[in-house]
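Since the structure comes first, as structure tokens, the remarks are kept for the end.
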Amino acid sequence: MWRLRESTHPVLTDEGGALLDERTGRWTQLTPTASAAVMLLLAGTTEEEAAGQYATRYGIGFEQAADDVRTVATTLTARGLATVGPVSRRCWRGWRR
């Protein structure tokens, strides 16, 4: 499952958006279509479902939509702003004496 890292804070709208990396203090600006891809991916859908919704939203073919969504996901993952894998389930056991 694709997700943003805990240190990445999104500000997403239909008009575009940005991601703040609190580790570096840098913002990554997103185009409206990249922002839409991130919103769809964060909605908990698979990359394939996100691509289908993206294709419908923008009236493009599924292959082009899948490529666009994959490019956004891959780029943000490569920049260290997102990760792919199982959701982390932290287990707090308390202090042992």
Side-chain angles (χ1 to χ4, degrees):
M1 174 180 191
W2 186 91
R3 67 188 187 284
L4 294 176
R5 291 193 179 272
E6 287 184 25
S7 60
T8 303
H9 303 281
V11 179
L12 305 170
T13 69
D14 288 335
E15 290 80 38
L19 301 172
L20 172 63
D21 183 349
E22 72 178 21
R23 296 172 301 154
T24 63
R26 293 186 180 179
W27 287 89
T28 298
Q29 300 296 318
L30 301 173
T31 64
T33 54
S35 182
V38 171
M39 285 191 278
L40 291 169
L41 287 163
L42 291 177
T45 61
T46 64
E47 193 172 301
E48 183 175 278
E49 290 170 338
Q53 293 171 0
Y54 188 91
T56 300
R57 181 178 190 156
Y58 291 105
I60 60 176
F62 180 80
E63 291 301 320
Q64 180 62 53
D67 187 48
D68 291 353
V69 170
R70 188 178 315 109
T71 297
V72 170
T74 302
T75 299
L76 294 178
T77 301
R79 290 185 181 181
L81 298 171
T83 187
V84 177
V87 176
S88 172
R89 301 274 189 234
R90 289 187 178 166
C91 181
W92 300 97
R93 298 176 193 254
W95 294 98
R96 294 185 184 186
R97 293 179 189 217

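Taking the side-chain contact (heavy atoms from CB on, under 4.5 Å) definition, one finds that A50 meets it with L40, L41, T45, V69, sequence neighbours left out. Considering only residues two or more places apart in sequence or on other chains, F62 meets the ring pair (Phe, Tyr, Trp, His ring centres under 6.0 Å) condition with none of them.
Annotation for G80 and R5: closest pair O-CD, 3.0 Å, computed over non-hydrogen atoms. When all heavy atoms of G16 and S35 are compared, the pair lying nearest together is O-OG, 3.3 Å. Considering all non-hydrogen atoms of both residues, A51 and A65 come closest at O-CB, 3.3 Å.
In this structure the side chain of D14 reaches within 4.5 angstrom of the side chain of R57, judged on heavy atoms. With a 4.5 Å cut-off on side-chain heavy atoms, L76 and V38 count as touching. At least one side-chain heavy atom of P10 sits less than 4.5 Å from a side-chain heavy atom of L4. Using a 4.5 Å heavy-atom cutoff, the side chains of L42 and W2 are in contact.
For the atom pair L30 CG and L12 CG, the distance stands at 6.5 Å (nearest 0.5 Å). Taking OG1 of T8 as the reference point, atom CG of L81 lies at 4.5 Å (rounded to 0.5 Å). The line from OG1 of T75 to CZ of R70 is 11.5 Å long, rounded to the nearest 0.5 Å.
Under a hydrophobic clustering in which Ile, Leu, Val, Met, Phe, Trp and Tyr are joined whenever their side-chain heavy atoms come within less than 4.5 Å, directly or via other members, V84 and Y54 fall into the same cluster. A single hydrophobic cluster is seen to contain both L20 and V11, as judged by linkage of ILVMFWY side chains at heavy-atom distances under 4.5 Å, directly or through other members.
Between the side chain of S7 and the main chain of E22, no donor-acceptor pair closer than 3.5 Å is present. A donor-acceptor pair under 3.5 Å links the side-chain atoms of E49 to the main chain of T46, judged by distance alone.
When the shell of 6.0 Å around CD of E48 is examined, it contains 12 or fewer heavy atoms from other residues, nucleotides or ligands.
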